[in-house]
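Every chain is numbered from 1, with letters handed out A, B, ... down the list of sequences. Source: prediction; values computed, not measured.
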Protein chains: 2
Amino acid sequence: MVETRRERVRAATTQEIVDSARRILVTEGREAVSLRAIARDMGMTAPALYRYFDGHENLIKHLCHVFQDELATVIEGEVGLIAGKDAGERLVVACRAFRRWSLDHPNEYGLLFGSPLPGVFRTPMPKDAEAMTAHRFAAVFLMLFVELWRTRPFRLPEEVDPRLIAQLTSFQQGFGGELPIECLVVFLDCWVRLQGIVSLEVFGHLRFALTDAEPMFEMTLADLRERLGA
Amino acid sequence: MVETRRERVRAATTQEIVDSARRILVTEGREAVSLRAIARDMGMTAPALYRYFDGHENLIKHLCHVFQDELATVIEGEVGLIAGKDAGERLVVACRAFRRWSLDHPNEYGLLFGSPLPGVFRTPMPKDAEAMTAHRFAAVFLMLFVELWRTRPFRLPEEVDPRLIAQLTSFQQGFGGELPIECLVVFLDCWVRLQGIVSLEVFGHLRFALTDAEPMFEMTLADLRERLGA
DNA sequence: ATGCGAAGTTAACGGCGTTCACACATTAAC
DNA sequence: GTTAATGTGTGAACGCCGTTAACTTCGCAT
């Protein structure tokens with residue numbers, strides 16, 4: 001037996017902790033996700049949670065990991081439904097799926113993309129397992145992007161700043177190095193626009209002008225589509 | 001005498017509270033800004049702060065107000081230094097000033113543009129004084145935008161979604177109504193790109209690809225410039 | 001059957017926001 | 001100039017929080 005009874009029970013409890021934490025996050029907001037509240041919700045006491053997570057901060061980090069994973073899975077699922085179609089079409093679907101999940105899960109989104117925990121501002125990029133799954137979400141888009149470029153190359157920018165080129169060469173080699181750097185520049189630009197509009201909409205920072213940002217989002221999407229030559 | 005001694009002392013203490021709070025925010029991060037820490041820093045006790053602010057949350061809100069104001073003032077100052085120049089040039093300077101302030105004050109930026117406090121997600125836009133100064137920052141850009149459009153009109157998009165038009169008419173009438181709605185659409189698009197790249201850079205969400213986002217920022221700026229026909 | 005380790009408890013420490021009763025100084029009214 | 005009112009700050013207390021330590025209990029392998 002690869003999995004003992006102990007391990008099964010432990011895994012179930014761990015899952016229950018995550019579920020409780022998420023329920024509290026959704027219903028009462030980020031500030032309310034305390035160890036004591038989670039334990040109370042489960043009929044336990046707070047110190048018991050230390051058998052499963054090394055303190056409050058690590059539990060929150062694990063939650064982020066779970067949400068990143070769910071977000072990536074949801075997007076991959078939506079894209080998978082139209083697996084036969086053109087990469088541009090699938091990219092559009094991926095963007096819509098990202099926006100939808102974010103709007104449907106504002107508190108989870110806030111945990112993932114809101115202001116990071118203190119001390120993160122100037123530290124270098126961590127390289128642990130958590131960081132890798134943080135990349136899984138971006139990787140979905142990047143892969144579609146690569147495929148789009150290969151099947152139907154789009155116009156690339158001329159005169160890219162050499163400093164930008166220099167920075168991106170290491171990133172480029174991170175996945176084979178078989179993609180023009182200018183293509184990565186276009187990717188980053190689209191990435192910024194996508195993240196920007198979703199972030200502003202979810203956090204309500206567009207309400208000074210818009211009551212419903214969907215038309216604006218679709219317009220941005222059409223713009224990106226055109227730029228990528230679809 | 002328009003200002004009694006009492007009022008002067010009170011104003012000074014209020015200012016000292018804000019200064020202490022900001023110092024703690026900058027040096028120890030958002031989580032460390034507690035009433036007790038502020039009071040300790042000032043040589044007072046926490047309950048005394050209730051004579052000046054109605055609880056912790058309101059003090060934080062006031063801090064946001066102060067930062068919004070400073071940000072707007074800084075940008076206006078930078079723009080004022082080249083008051084004679086073309087509106088496009090001044091817009092570029094305003095964008096750079098926004099990025100610079102945000103990078104120089106990441107903790108303050110996080111308070112302003114990070115995930116909002118719980119319960120803000122689906123509530124309508126508040127209309128109080130705080131919200132107005134929240135607009136002052138956006139207003140700087142909007143005014144430059146309007147001037148740019150008037151002095152040297154740029155290409156406007158065709159086929160704007162009627163739903164978007166409908167939403168923007170009320171916003172349009174908010175300041176005279178003498179601007180084409182398509183122009184507001186362009187403004188919002190630029191706004192999203194500016195906010196997007198600054199937010200991603202400050203929060204470190206571009207580090208998976210870039211070590212220094214400045215060239216990318218300048219490229220985005222050049223792109224916006226071209227779109228606005230400079 | 002025994003012993004070991006995992007899981008959970010209670011108690012405690014210090015920190016937090018907040019409230020309340022109280023002391024003190026300043027101001028205002030007479 | 002005395003007195004009342006008002007503003008400003010303190011100390012104690014309540015209930016929340018994260019975290020640690022000592023202790024119990026139970027499952028499981030030898």
**Q** Heavy-atom nearest nucleotide on DNA chain C for A/Pro47 versus B/Ala32: which residue maps closer to 5'?
**A**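 With A/Pro47 and B/Ala32 compared, the 5'-side residue is A/Pro47.
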**Q** To the nearest Å, how far apart are A/Tyr50 OH and D/dC17 P?
**A**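 Going from A/Tyr50 (OH) to D/dC17 (P), I get 12 Å.
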**Q** With a 4.0 Å cut-off on N to O distance, would you call B/Glu28 and B/Arg23 a salt bridge?
**A**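 Salt bridge: no.
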**Q** So which nucleotide from C/dC16, D/dG9, D/dT19 ends up closest to the side chain of B/Ala48?
**A**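 Selected nucleotide (nearest to the side chain): D/dG9.
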**Q** Hey, which sits more toward the 5' end of DNA chain D by its nearest nucleotide, A/Leu35 or B/Met44?
**A**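 The residue closer to the strand's 5' end, by nearest nucleotide, is B/Met44.
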**Q** Which of these nucleotides, C/dT9, D/dG9, C/dT18, is closest to any side-chain atom of B/Ala46?
**A**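 Closest nucleotide among those given: C/dT18.
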**Q** With heavy atoms under 4.0 Å as the rule, sort A/Arg10 into base, sugar-phosphate or nothing.
**A**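 Sugar-phosphate, no base atom in range.
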**Q** What is the distance, rounded to the nearest whole Å, between atom CZ of B/Arg8 and atom C1' of D/dG7?
**A**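 My rounded result for the distance is 16 Å.
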**Q** Any donor-acceptor pair under 3.5 Å between the side chain of B/Arg51 and the base of D/dT8?
**A**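 Present.
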**Q** On the nucleotide C/dG8, are OP1 or OP2 found under 4.0 Å from the side-chain N or O atoms that A/Thr45 carries?
**A**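 No, because none of the side-chain N or O atoms of A/Thr45 sits under 4.0 Å from OP1 or OP2 of C/dG8.
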**Q** Using atom CZ of B/Phe53 as one end and atom P of C/dG17 as the other, report the distance to the nearest whole Å.
**A**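 Taking CZ of B/Phe53 and P of C/dG17, I get 14 Å after rounding.
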**Q** Out of C/dT27, D/dG18, C/dC16, which nucleotide sits closest to the side chain of B/Arg6?
**A**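 Shortest atom-to-atom distance from the side chain points to C/dT27.
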**Q** Could one point to a donor on the side chain of B/Arg36 or the base of C/dG15 with an acceptor on the other under 3.5 Å away?
**A**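 No, no donor-acceptor pair under 3.5 Å.
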**Q** In whole Å, what is the span from the OH atom of B/Tyr52 to the P atom of D/dG9?
**A**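 Result: 3 Å.
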**Q** Could you tell me how far apart B/Asp54 (CG) and C/dT18 (C1') are, to the nearest whole angstrom?
**A**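 That distance rounds to 11 Å.
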**Q** Assess, by modelled atom type and distance only, whether the side chains of A/Trp101 and A/Glu70 contain a donor and an acceptor separated by less than 3.5 Å.
**A**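 A donor-acceptor contact under 3.5 Å links the two side chains.
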**Q** Take the angle between the ring planes of B/Phe98 and B/Phe141 and call it parallel below 30°, perpendicular above 60°, tilted in between.
**A**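 Plane angle over 60°, so perpendicular.
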**Q** Without decimals, in angstroms, what is the distance between B/Glu31 CD and C/dG15 P?
**A**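 It is 17 Å, rounded to the nearest whole Å.
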**Q** With under 30° as parallel and over 60° as perpendicular, where do the rings of B/Phe137 and B/Trp191 fit, or are they tilted in between?
**A**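 Ring orientation of B/Phe137 relative to B/Trp191: tilted.
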**Q** Map B/Gly43 and A/Val33 onto DNA chain D by nearest heavy atom, then report which one ends up closer to the 5' terminus.
**A**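 Result: B/Gly43.
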**Q** When the distance from CG of B/Leu49 to P of C/dT19 is rounded to whole Å, what number comes out?
**A**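 Atom-to-atom, B/Leu49 to C/dT19, this comes out as 13 Å.
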**Q** Is A/Arg99 paired with A/Glu218 through a side-chain N to carboxylate O contact shorter than 4.0 Å?
**A**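 Salt bridge absent between A/Glu218 and A/Arg99.
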**Q** Rounded to the nearest angstrom, tell me the gap between atom CG in A/Asn58 and atom C1' in D/dT19.
**A**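 So the CG-C1' distance, A/Asn58 to D/dT19, works out to 13 Å.
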**Q** Under 4.0 Å between any heavy atoms, over every strand shown, what does B/Ser34 touch: base, sugar-phosphate, or nothing? Just pick one.
**A**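 Sugar-phosphate, no base atom in range.
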